[in-house]
Amino acid sequence: MNKDIARQALDTALALGASDCRISLSESDQTSISYLNGEIEKLQESSSASMRVTLFTDGRFGIFSTNRMNAEELRPFLSRCIESCRLLTPDECRTMPDPSLYYSGGLPDLQQTDPHFSDIAFKDKTDILKATDAEVDKSDPRLISTACDWDDCRRSDYIIDSQGLEAEAGGTFYSVSCECTVKGHGEARPQNNWYEGSIFFDRLPSGCGRKAYERTVPMIDSRKLPSGKYNIVLENTVSARAVSAVIAALNGSALQQRNSFLLDSLGKQLFPDSLHIADNPLIPGRTGSGYFDSEGVATMERDIIRNGQVCTYFLNTYFANKLGMPRTAEDAFAVYFPKNSGIGQEEILRQTGNGVLITGFNGGNSNPVTGDFSYGIEGWYFENGQKLYPVKEMNLTGNFLTLWKNSIFIGNDPIGFMEWQIPTLAFEGADISGL
């Protein structure tokens, strides 16, 4: 990583008249391979580098970026940036963070980078795709196609600013996915997929193709249910939908624009007293961990909801200033449930009894002001804890606050490689429209 060009950019911006400046340098290497019906369909390898310049000039603020790292072009580029910035309307809320909040270094490695990333041969990647494709039962006459994809990425980030900040981080990630398409009844062509990922190449699980096939074939006989109230269980592949709406409503942008169903909610108990949602980006080896955010402010473990009470808003420096509140975190990085029911999906189905296991959302929308939502769903109808038949082409409607008030189970089975560790979730009395 060319740290010298970042330092030079900072010094140049200040010399040209910037009051304050932050330079964010990012580099990445990526490979994407698409494998369709046993043949490589697409291959893409890329390396990129970009520099983001955040300028504070005469009470004005601007963000500019470039991928041209030539030192000779730096001064004219920054000069134009500052000229442009001075044309903007002053905004007293656009300030640098309090330096006391910065990450100061010296903490243990968070194990976000595979040291062998550059050593992995192209054949090793295609071998995984071939093995994934081979896991699908090709003798099934209903099978139309299989599409397997490989993606990997190595990223490095470096931040330096005029208040003395200097922070560096990096990470790797590998993923493989498989999607199967089969012949359904009439013109129907059911599809389903599975996805696996890992920070480390040698920990990437196998079995992706088999799971995709096993999830697809039953969808041939999907049907609709009569409209009514049902218990619902959100599979851990889709359960983040119920959490992301809450996080979005606590974001500074939504709050400042009064575009949130959780306005003025801080310290209020709006959720069941058993609900505890937290964010902890400081766990080594877990995707999403990191010691600082895009402003260089140190991350920390924090409660989001505890005993049903809203514990925090997500405020970067700008929205903290706009709302006249202390800066917290610019976003939720590694959400998890410190308390759960101690059981996984199978036992949750058994204890829930009857209802709908939702395994996919198909379109729909939500109202960020009221918390009302309507989503197309697919999944399984179950009775006495046993899945009876797949269902599709139905809508789940409701309100997120009401949904959480009707929470009955929080599972212990989040998907290990996901940034947000959201397990299987169960709720009672949800409205589903079908027949």
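Predicted model only: the values in this text are computed from it and were never measured. All heavy atoms count here, side chains included; hydrogens, waters and symmetry mates do not.
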Taking atom types as modelled and ignoring hydrogens, do the side chains of Q112 and T172 form a donor-acceptor contact shorter than 3.5 angstrom? no
Side chains of N321 and T95, donor plus acceptor under 3.5 Å: yes
Can you measure from CG (L315) to CZ (R327) and round to the nearest 0.5 angstrom? 8.5 Å
Taking the side chain as every heavy atom from C-beta outward, state whether P423 and D413 have any pair of such atoms under 4.5 Å apart. yes
Kindly indicate whether the side chain of I304, heavy atoms from C-beta on, has any atom under 4.5 Å from the side chain of F314. yes
Evaluate the criterion side-chain hydrogen bond (donor to acceptor under 3.5 Å, both in side chains) for residue pair Y102 and Q163; output intermediate values, then yes/no. CA-CA 10 Å; Y102 283 160; Q163 296 189 137; 2.8 Å; yes
side-chain contact (heavy atoms from CB on, under 4.5 Å) assessment of S47 paired with E27: CA-CA 7 Å; S47 295; E27 295 181 357; over 6 Å; no
Does N251 reach the main-chain N or O of I247 with its side chain, forming a donor-acceptor pair under 3.5 Å? no
Heavy-atom count check: over 12 atoms from other residues, nucleotides or ligands less than 6.0 Å from R52 CZ? no
Atom SG of C311 and atom CG of D303: how far apart are they, to the nearest 0.5 Å? 5.0 Å
Give, for atom CD of E295 and atom CG of L101, the distance between the pair rounded to the nearest 0.5 Å. 9.5 Å
Mind jotting down which residue pairs meet the salt bridge (Lys or Arg N to Asp or Glu O under 4.0 Å) criterion with at least one end in residues 195-204? Sequence neighbours excluded, please. E196-K211
Testing the 3.5 Å rule here: is there a donor-acceptor pair between the side chains of N399 and D372? yes
Suppose we screen for ring pair (Phe, Tyr, Trp, His ring centres under 6.0 Å). Which residues come up paired with Y291, at least two apart in sequence or across chains? Y103
Taking the six-membered ring of F77 as reference, does the NZ or CZ atom of R68 fall below 6.0 Å from its centre and within a 45° cone about the axis? no
Side chains of S145 and N37 only: does a donor on one sit below 3.5 Å from an acceptor on the other? no
Considering residues, nucleotides and ligands other than Q386, do more than 12 of their heavy atoms fall under 6.0 Å from its CD? no
Go through the steps to decide whether I348 and Q345 satisfy the test side-chain contact (heavy atoms from CB on, under 4.5 Å), and finish with yes or no. CA-CA 5 Å; I348 287 176; Q345 183 189 114; 5.5 Å; no
Heavy-atom closest pair (T132 atom, C178 atom, distance to 0.1 Å) is CG2-CB, 3.9 Å
Which residues pass the ring pair (Phe, Tyr, Trp, His ring centres under 6.0 Å) test with F382, sequence neighbours left out? none
Ignoring hydrogens and geometry beyond distance, is a side-chain donor-acceptor pair present between T181 and Q191 at under 3.5 Å? yes
Please check if atom CZ in R75 has more than 12 non-hydrogen atoms from other residues, nucleotides or ligands closer than 6.0 Å. no
How many angstroms lie between CG in L323 and CD in Q256, if you round to the nearest 0.5 Å? 6.0 Å
Before you tell me yes or no, could you show the steps for E166 and R7 under salt bridge (charged side-chain N to carboxylate O under 4.0 Å, His left out), namely the whole-Å CA-CA distance, both residues' side-chain angles and the distance that decides it to 0.1 Å? CA-CA 10 Å; E166 185 173 13; R7 298 186 183 106; 3.0 Å; yes
Please check this pair: side chain of Y313 against backbone of S265, looking for a donor-acceptor N/O pair closer than 3.5 Å. yes
Ring-face cation of R94 near Y318 (centre distance under 6.0 Å, axis angle within 45°): yes
Could you check whether any side-chain heavy atom of T359 comes within less than 4.5 Å of a side-chain heavy atom of E378, counting everything from C-beta outward? yes
Carboxylate-amine/guanidinium proximity below 4.0 Å for R155 and D157: yes
Distance-only polar pair, side chains of S239 and E235, donor-acceptor under 3.5 Å: no
State, with a plain yes or no, whether a side-chain heavy atom of E419 is found less than 4.5 Å away from one of S289. no
What's the separation between atom CG in N362 and atom CG in L396, rounded to the nearest 0.5 Å? 12.0 Å
What's the verdict on side-chain hydrogen bond (donor to acceptor under 3.5 Å, both in side chains) for D149 and Y195, showing C-alpha distance, side-chain angles and the deciding distance? CA-CA 9 Å; D149 289 286; Y195 168 71; over 6 Å; no
Distance-only, no hydrogens or angles: does the D114 side chain make a donor-acceptor pair with backbone N or O of F201 under 3.5 Å? yes
Under the criterion side chain to side chain contact (heavy atoms under 4.5 Å, CB included), which of V53, D11, T12 is the partner of I23? V53
In the structure I gave you, are the side-chain heavy atoms of L275 and W404 within less than 4.5 Å of one another anywhere? yes
List the atom of S50, the atom of M69, and the distance in Å for their closest heavy-atom pair. C-CE, 3.3 Å
Do Y336 and D279 have side-chain N/O donor and acceptor atoms under 3.5 Å apart? no
Assess whether side-chain contact (heavy atoms from CB on, under 4.5 Å) is satisfied between T352 and F427, documenting all intermediate values. CA-CA 9 Å; T352 301; F427 306 87; over 6 Å; no
Scan side-chain atoms only and decide if Y381 and N354 contain a donor-acceptor pair under the 3.5 Å cut-off. no
Is W150 close to S177 at the side-chain level, that is, under 4.5 Å between some pair of heavy atoms? no
Just wondering, are more than 12 heavy atoms of other shown residues or ligands nearer than 6.0 Å to CD in E346? no
Check: T31 and K125 side chains under 4.5 Å, non-hydrogen atoms: yes
Where I432 and V356 come nearest, the two heavy atoms and their spacing: CD1-CG2, 3.8 Å
Closest contact, heavy atoms only, D293 versus I159: O-CD1, 3.7 Å
What are the two closest heavy atoms between F417 and F173, and how far apart are they? CD1-CZ, 3.9 Å
Looking only at the side chains, is there a donor atom on one of T397 and D431 sitting less than 3.5 Å from an acceptor on the other? no
Quick check: do F292 and V297 have side-chain heavy atoms less than 4.5 Å from each other? no
Taking all heavy atoms of T299 and all of G290, pick out the closest pair and write down the distance. OG1-O, 2.5 Å
Residue pair I199, Q111: steps toward the side-chain contact (heavy atoms from CB on, under 4.5 Å) verdict: CA-CA 9 Å; I199 292 173; Q111 300 170 28; over 6 Å; no
Mind checking side-chain contact (heavy atoms from CB on, under 4.5 Å) for D127 and listing every partner two or more places apart, or none if nothing turns up? K123, K130
Do side-chain atoms of E179 reach the backbone of A147 as a donor and acceptor pair under 3.5 angstrom? no
Distance, nearest 0.5 Å, that separates CG of N236 from OG1 of T424: 4.5 Å
Return yes if some donor-acceptor pair links the side-chain N/O of S198 with the main-chain N/O of F200 below 3.5 Å, else return no. yes
Set of ring pair (Phe, Tyr, Trp, His ring centres under 6.0 Å) partners for F261, sequence neighbours left out: none
Set of ring pair (Phe, Tyr, Trp, His ring centres under 6.0 Å) partners for F373, sequence neighbours left out: Y375, F400
